[in-house]
Every structure is written in C-alpha cells, then in structure tokens.
Amino acid sequence: MDQPTSEQQKMLYILVTGANSGLGFSICCRLADEFLSTHPESESLTIIFTTRSARKAQDTSRGLKAHLRETSPSASARVHFVPESVDLGDLVSVRALSRKLVHSLPRLDAIVLNAGIGGWSGIHWPKAIWGVCTDLIHQVTWPCYKLAPTGVLTPKQTAVDEPALGSVFCANVFGHYMLAHNVTPLLKRAHLNGPGRVVWVSSIEATWKFFNVDDIQGLRTDAPYESSKALTDILALTSNLPSTAPWSVDSFLESDAELNTHAIHTDAPDASPRSYLSHPGICATSIVPLILPLAWAMVASFWVARMLGSPWHPLSTYLGACAPVFLALASQAKVEAAEEPYHQAGGGRVKWGSSCSRLGVESPACTEVDGWGYGGVVGTPVVEADRLRRRKRGAEQLTKEQKEEFEELGRQCWKQMEELRVQWDEILDRAEARS
C-alpha cells in the first residue's frame, strides 16, 4: 500500500458488523448523521459494514445511500460506505475478512461488534401473556418467557479434528473476539478520535444468573443468548483491570498479523485499543420473529412501558443506536468525561445503554450490572441520574465482595477466551496447511 494520503489522514474508519437490517443498519445511519453534524468539513468518514451475503450487501448499500441523500444531500460526499461479507459463526470467514481489512485499510478508529443471533425456538405464551398483563415493565425489559434449545453447535469449521463450538456463543461473542484480535494492528493506528475502540453491543437482558464460567460457551443452558451477552459484559467491563492484563492486553491485543504488516502500514502504532460496552435498550426488531398482529402488540407494550416510566424502551432502532454510536464516534475527551465520575469514586468501565424519555429524547445512560453495579462503584450510585432511574426489581447496591467476585470472574473468562482463541488459531492454521 502506498503512503497514506492527506485525505486518508483525515478519514475516520469505522467497522460495523451485522448491518443489513435492524440495529446494525441504524448504527450506520446514525454514525453518518452524527459525524456530519459534529466533525469539521475537513474530515471524512468511511463505514465498513458487514452482511452475510453479497445480495444483502447491495440492498444495505442502497438503503444507506438513500438515507444519506435524504438527510444530508449536500454533505453526502464526506461519508463512504464499503460493504464486506462475513459470517460470525464461521471462523474461516472471520479470518478471511480480517486479512482483507488488515491488508487494505490504513487503520480502524473503531469497530462496533453488533452482529448476533438470538437462538430462540419460540415463546412460552401463557407465561408471556400473564407476565405482560400483571408485571408489564419488568416482563418487557427482562423477559423470562423466551424458549431456546440447549447445546446447539455451529457447523464443522474445518476439515481437521476440532472441538465443539456453540452456535450462539460463536456468533455473538467468539467470532467477534477473533475479529477484534485479528484487526488489532489497524486499531493501534487510530489517531483522529484517540485510541482505537472496540465497542461491544450487549443487551439489557444480560445478567449474572444466566452465566456459568464452567460453561463459558453456554452449551448446557437453556438461555444461550443471555449467557453470551453476560459474557460480553464481563469481558468488556474487566478488560482494563490489572488482574486481566496478561490475557486482555498482553495476549488479546498482540496480533501475529502485526509482524507481517510493517511494509503495508508505514506509520507506527499509536496506542493500545480500548474496549467499551453498550446496549440499545429494548427496540422493536425481528430478532424474535412474530406474525404481524403480535408484532403490533409487542410495539404497543413497549410504548406503554415507556409511558409508565421505563428508561429502556427507545422502540426505534435509530434511537437504540444512540449509545453504540456515542462510544464509537465521540471524542476521547467526551467519553472519558462521561466515565470520570465513576473512576473518581473507585469504579471502572461503564455499561452505556440507549435510554429514552417518554417524549422520545434519547441519551446514553449508565446501566446497572449484576455484580458490577453502576460503573463498578461500591455502595450508593455517585451520579444523580443513576440514583433516580428506575431499577430492575431486586437490584441491590454493589458490595466490595461482589465486585471482587466479578473481577475474579473476569480474570477467569479472559484466560479461557484467550486459551480458546489460541487453540482455534492453531486449528485454522492446520486446516490451511492441509488445503
């Protein structure tokens, strides 16, 4: 690759996975809109978005360009959309995309890890109807009526001997984990907005009770989606702790690809990437497929929950994209200022959710996490908005012992994930050598 041009030096590069519909598509739209309204005219944005097929890529590209023409026709030349194909449940596909990006892009300023699957097989309708009728806000925020099969595996990844790999785990966590590790050389070269950012998209449904560190892939649980999102929370929130550094920094952020790209990337790496955590609140999407009358009933129940004071029902995926886009696009100074109250009180990383008022005014808000509280702060929340926000029933103030247990859980998860990554890299290497 030639030396970066001055235009490339003023270009932001952001990767978004799972962009063909729903939240991923809205994240791309919102990235474009907020970039044009907040960044100087001298800067441009390239959004690399992924889908599972060429047809979906074409449809998505047309939709994004149409959105840009409608919202910012005079500035549309400053935003570029680049489609890529990947299946996060196929590690060979993930490796192929990683290599392509590392050898074709000068850097990545952020990656938004959004793609995923629910893995549900249906809904326990009697429980759902009773719960929504008697306890609406809780049941449409933290539902307990979705059904999922246990032990679903991915198709075989290679032609060599390999261990079992959980389908939901791979699509929601491990495929992204491998991708983020592989594109580390690009993230280390980010400079316009500060250090490169890995923005994990989790769920408000993620909770400690669904996760078992001895079943990190969620193969023995009937809630594999919730388990995968709980693991996402644990990894992101503990990524900057000294106890996890041997795996989360010294191993995960050191890619072999770096050794082979000095001829391509002549500029030196700047700083280690940082991991952040987000969730979209509760949006009306097709991740749980419903017939039209039931889909309308779902939207109506979400709207009623918002009117009754729930802060987590933006309904629209565009509003739900608020928190992920904030973490991907805001200046480093703004992100650090938002997290500063938690750091000053002895906390750490924050789970940022897309919150919404009754009138539909959205904003990123700190979300309480089982075992981590509000931003890892022990005791009473330090931010007034957190103290005033409606909480999950049964939530308790974080104790020192719970936080220590969460940090230890993070250490164990990072260790297992890195061991699994190394194992699968070796498997993929052997498969390539045989082909």
Side-chain angles (χ1 to χ4, degrees), residues 1-17 19 24 27-28 31-32 34-36 38-51 57 60-61 64-65 68 75-86 93-114 176-199 249 252-276 324-325 327-333 335:
M1 178 177 287
D2 296 332
Q3 290 279 354
T5 65
S6 59
E7 181 180 351
Q8 287 176 325
Q9 294 286 2
K10 295 183 179 180
M11 177 83 73
L12 271 172
Y13 294 86
I14 298 179
L15 171 68
V16 181
T17 65
I27 287 174
C28 293
L31 279 170
E34 293 199 10
F35 172 82
L36 292 174
T38 59
H39 284 63
E41 293 186 3
S42 59
E43 295 182 8
S44 300
L45 171 67
T46 292
I47 299 174
I48 305 100
F49 65 89
T50 75
T51 62
T60 302
S61 184
L64 291 172
K65 291 176 181 177
L68 198 57
S76 58
R78 292 174 54 205
V79 178
H80 312 276
F81 299 109
V82 178
E84 295 289 352
S85 295
V86 69
S93 171
V94 170
R95 176 176 276 203
L97 173 63
S98 304
R99 286 175 173 169
K100 182 178 181 181
L101 295 176
V102 167
H103 288 82
S104 62
L105 294 178
R107 65 182 170 276
L108 275 171
D109 295 277
I111 57 176
V112 183
L113 305 179
N114 163 75
H176 279 137
Y177 189 94
M178 297 285 277
L179 176 64
H181 167 78
N182 291 340
V183 300
T184 289
L186 299 178
L187 289 165
K188 286 185 175 180
R189 287 170 167 79
H191 63 266
L192 284 184
N193 267 10
R197 301 173 194 170
V198 180
V199 181
V249 177
F252 177 66
L253 295 181
E254 295 298 327
S255 172
D256 292 340
E258 251 177 295
L259 303 176
N260 304 318
T261 57
H262 292 308
I264 303 169
H265 305 292
T266 55
D267 54 325
D270 188 13
S272 291
R274 302 182 183 182
S275 290
Y276 293 98
V325 169
L327 292 173
L329 196 58
S331 68
Q332 190 63 32
V335 175

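If you read the sequence from its start, that first residue is 1, and numbering goes on from there.
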In terms of heavy-atom contacts, Ala57 and Pro83 come closest through CB-CB, 3.8 Å
Sequence-distant partners of Glu34, side chain to side chain donor-acceptor pair (under 3.5 Å), two or more places apart:
Arg30
Any donor-acceptor N/O pair, Asp109 side chain to Tyr13 backbone, under 3.5 Å
yes
Salt-bridge contact Lys188-Glu254 (side-chain N to carboxylate O under 4.0 Å):
yes
Quick check against the 3.5 Å criterion: does Asn114 have a side-chain atom that pairs as donor or acceptor with the backbone of Ala19?
no
Return yes if some donor-acceptor pair links the side-chain N/O of Arg99 with the main-chain N/O of Asn182 below 3.5 Å, else return no.
no
Can you list the residues that meet the side chain to side chain donor-acceptor pair (under 3.5 Å) rule with Thr51, with sequence neighbours excluded?
none
For Arg274, check salt bridge (Lys or Arg N to Asp or Glu O under 4.0 Å) against everything at least two apart and list the hits.
Glu336
Specify whether Phe49 and Phe81 have parallel, tilted or perpendicular ring planes, treating 30° as the upper limit for parallel and 60° as the lower limit for perpendicular.
perpendicular
Apply the side chain to side chain contact (heavy atoms under 4.5 Å, CB included) test between Leu15 and each candidate in Thr46, Leu186, Leu101, Val112; give the one that qualifies.
Leu101
Shortest non-hydrogen contact from Gln332 toward Tyr276:
NE2-OH, 3.1 Å
Looking only at heavy atoms, what is the nearest atom pair of Leu31 and Leu45, with distance?
O-CD2, 3.8 Å
Show your working on side chain to side chain contact (heavy atoms under 4.5 Å, CB included) between Leu68 and Leu36 and close with a plain yes or no.
CA-CA 10 Å; Leu68 198 57; Leu36 292 174; 3.9 Å; yes
Check: His39 and Asn193 side chains under 4.5 Å, non-hydrogen atoms:
yes
Using atom types as modelled and distance alone, determine if a side-chain donor or acceptor of Ser98 lies under 3.5 Å from a backbone N or O of Val183.
no
For the residue pair Arg78 and Glu41, establish whether any side-chain heavy-atom pair is separated by less than 4.5 Å.
yes
Report yes if some heavy atom in the side chain of Leu179 is under 4.5 Å from a heavy atom in the side chain of Thr17; otherwise report no.
yes
Measuring from atom CG of Leu12 to atom NE2 of His191, what distance do you get when rounded to the nearest 0.5 angstrom?
8.5 Å
Do the non-hydrogen side-chain atoms of Ile47 and Leu64 ever get within less than 4.5 Å of each other?
no
